[in-house]
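This report refers to the structure that appears directly beneath it.
Residue numbers count from 1 along this sequence. Every value quoted in this text rests on a predicted model; they were computed, and no experiment measured them. All values below come from the heavy atoms of this structure, side chains included, with hydrogens, waters and symmetry mates left out.
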Amino acid sequence: LAAAVAAAVAAAAGPSVPRARASVRRRASIVLRRAASQWRSSPLLWPLRPRGAAANLDAGWRAPPVRLRAGPDAALEAPLNDGLVLVTGASGPGLGLLFAEFPDATAAVPLQGALGSAAEVDAALAEVQRLYPGRPIVGLAHFGGCGPSAAAAAGTGGLADEPAALDERLRSLTLLCSRLVPTMRASGLPCRVLTVSTERALASPSSWAPREAMRSLSSGFVEQYTEALAEELVGSNVTVFGVRVSEDVLAAAAASAGGTGAVAERLWDALSLPAAEVHGRVVALGDCGLGEGGGSSSSGGPKKGPSGGPRGGIVLGASIDTRWALRAAAGRAAEYPADARPKAYAELAAALGVPEDGLVWCHGASDVIIRVTAVAAARGARRGAARCWALQQGPTWPNAEGLLRSGGASSVVSIEYPEPWLSAVGEAGDHSEAAAAHFWERLEREVCSPATADPPSVVYLVHPHFPTGHKDPRFAERLQALVGKADGRTLFAVDQTYLNFTPRTEDDALLQRLASESESVALVRSLSKVEGLAALRLGYALANPAIARELAGGLPFSGGLYISEVALAGAVAALCGRGAGRHREAVLSFYATEQRRFSADLAALGVRFVVPSLCPYFCIRASRGALDRAVRAGAAIQCFGCVPALGQGVREDSECWAVCLVADKAANDETVEALRVALEEESQKSQFPSWMPNPMELVRPFVGS
């Protein structure tokens, strides 16, 4: 929309005004349709809802209204909405002022120049209230780290040369927040504080050019201030977050006509992001979180983030404790741990409530699976087994077989788990007991049958299960019985990477006791899911000390120096930080709430089975053709095969199961839209052409109705 408005302004002086007006209307219609569902569905966005914007555009293009300016020539136009958004740190022609002038829906009030004292802030706020009587201030957008200052533009810009920039970029923000935040909280209205910085916040001072010094320093300050203010306002009606604009985005915008306006549009989109997704975060514009394109990543799919870059992991990211702990640990990157074993291992064992000698840390759950398989292969070789082969529970995630083979399994055989939700006649319900009994009976035959001279070296199970999301309430009980019959010839690896999404049960406690006591069971867990540490690659095996020693024996330095101390510092903060419990609750609440909304939207499309899950994914059943179309369109779903319910026989219909991966709201909405379009296209494909009579109508006179 911003790019279209800019194009219309440029064209207004020429003969192509009607074409410019049409361009504005077309682009605005697309943008408004894309954002309408988010604006309607979230009460947090009501103060920013575009009342009358479409009517204004339909009436034809008109110049943007004059917004409040510092100075005697300030003009006034009544806002289209009750809420005001103050824009600060926006001196000079640049992104901040375009942001302020872009919307026609909400009164954006730019306060140019520095606010260097509490008296100046009070005077500015009083002037705003005089010009907009009775209008509450519901937002603050601070551009403290964007755009060159006057000193930088003049060719100086060193730290000592920019006291005015310090006032505008830093002091204005802190003074305004000290006045605005109490008022916002007292109003009870949904309010937002957005800060905008650049990736110079992450650049080393050695890379600062003289003209960039203050911009880089202020960007770093603005981001840390944003995180700290958000932590103070957790649970309040004020959402605080930041957007970090990459230098590439700024350069591309400056080099193209209307490019800066397009970035301003994306920043206005940021104001409508769900509070649960962004509070306390600094979202990168141009790398992940916001931008052009669509979709959110999930494990296993070639999904792109809204910026066109890869997404993945937990939507809410790591906790604030983790982020700050990693900054502190980076300062110790040159140090080796004392005695070649990090102290963090003991802290992590205490946090997890397990003995340290039963824990082995690896590079993600994938690494743990490989190491457990290698131990199983070594055991088989010692007992004279002809080969190392693996059994895996099917269906399972696509990479499992490759990891088992990497650990030494020469072949991998699947034992399929029947549909736990359907009866033999296709009725939905809880049929998990019959399905579980069937699966475990087959597994026992493979592992314990006298005819099996060479039993599997390793059995790979996933609990809670991916992709079905099913969690057998008697899993540990069944495994304990099987382990007792297997006579120690098979090592059972139980992947529990999604365990923390589910309530802990007595069966979970039994499984952990079984792993700590038996030399035939190893639990595979990680900190990449709820804790949000996917990039740190932290997985661990929880097992009997004897298995733990075998696992550690295959690692460099017996595992002592296998994991970076920087990564371990993040793990300790994720489990032990003061905000760790609150962060886990926020993650679980977000995924539970978003899954309910997401699954309801899919059910409304007429999808026959929508099976809920405690994990951040759930299953649906739909036309295979429609699902394949949706996947090609970028939907975050994965199709999989599942053995039909017991007694149902071989199913040859055109439907199949798919797992829907819950991501951020915008990406989930894109999945719903992709599936909606795919279902409509599939339905039209199955219909007869209008010129062709329905064959059933032709034979009806002969066979009756």
Side-chain angles (χ1 to χ4, degrees), residues 67-71 74 84-97 99-100 108-129 137-154 156-185 191-198 200-203 205 208 210-233 238 240-245 267 280 282:
R67 303 298 184 182
L68 178 65
R69 295 286 187 272
L84 305 177
V85 177
L86 302 187
V87 182
T88 61
S91 280
L95 184 59
L97 287 184
F99 175 87
V109 185
L111 301 179
Q112 290 186 295
L115 298 174
S117 67
E120 292 180 4
V121 169
D122 291 339
L125 294 179
E127 181 67 5
V128 170
Q129 293 302 325
I137 298 174
V138 297
L140 170 64
H142 181 73
F143 288 74
C146 286
S149 66
T156 55
L159 292 177
D161 300 326
E162 298 193 81
L166 184 68
D167 282 345
E168 182 177 9
R169 291 172 169 171
L170 308 185
R171 191 172 289 119
S172 295
L173 173 63
T174 56
L175 290 173
L176 272 169
C177 285
S178 69
R179 290 294 194 266
L180 284 179
V181 169
T183 304
M184 288 177 169
R185 297 190 69 174
C191 300
R192 300 221 160 186
V193 175
L194 167 67
T195 62
V196 183
S197 57
T198 73
R200 299 301 303 172
L202 308 178
W208 295 351
R211 297 170 61 180
E212 296 176 337
M214 182 53 68
R215 184 160 68 103
S216 301
L217 191 62
S218 59
S219 282
F221 171 83
V222 164
E223 291 191 3
Q224 294 198 27
Y225 182 85
T226 300
E227 291 184 335
L229 181 62
E231 180 68 14
E232 184 178 311
L233 297 176
V238 183
V240 182
F241 65 104
V243 172
R244 181 188 303 131
V245 185
L267 290 174
V282 177

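In this structure, the side chain to side chain contact (heavy atoms under 4.5 Å, CB included) partners of Leu125, at least two apart in sequence or on a different chain, are Leu86, Val121, Ile137, Leu176, Arg179, Leu180. Scored by the salt bridge (charged side-chain N to carboxylate O under 4.0 Å, His left out) test, Glu120 finds no partners at all (sequence neighbours excluded). Residues satisfying the side chain to side chain contact (heavy atoms under 4.5 Å, CB included) test with Ala203, not counting sequence neighbours, are Arg200, Ser207, Trp208. The side chain to side chain donor-acceptor pair (under 3.5 Å) test applied to Gln224 returns no partner, not counting sequence neighbours. Scored by the salt bridge (charged side-chain N to carboxylate O under 4.0 Å, His left out) test, Arg185 finds no partners at all (sequence neighbours excluded). In this structure Tyr225 satisfies the side chain to side chain contact (heavy atoms under 4.5 Å, CB included) test together with Leu173, Thr174, Cys177, Phe221, Leu229, sequence neighbours excluded.
The two residues Leu111 and Ala124 make their nearest non-hydrogen contact at CD1-CB, 4.4 Å. When every heavy atom of Val243 is checked against every heavy atom of Leu194, the shortest pair comes out as CG2-CD1, 3.6 Å. Summarising the geometry of Thr198 relative to Glu223, their closest heavy-atom pair is O-OE2, 4.0 Å, with the distance given to 0.1 Å. Closest approach of Glu227 and Gly280 over heavy atoms only: CG-O, 3.9 Å. When all heavy atoms are compared, the tightest approach of Met184 to Leu140 is CE-N, 4.3 Å.
Residues Glu232 and Val181 have side chains not in contact (no heavy-atom distance under 4.5 Å, counting atoms from C-beta outward).
Ser219 places no side-chain N or O within 3.5 Å of a backbone atom of Ser197 that could act as its donor or acceptor partner.
Environment of CD in Gln129: crowded, with over 12 heavy atoms of neighbouring residues, nucleotides or ligands closer than 6.0 Å.
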field: Full working for side chain to side chain contact (heavy atoms under 4.5 Å, CB included) between Thr88 and Phe143
entry: CA-CA 6 Å; Thr88 61; Phe143 288 74; over 6 Å; no
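Residues Thr195 and Thr226 bring a donor and an acceptor atom of their side chains to less than 3.5 Å of each other.
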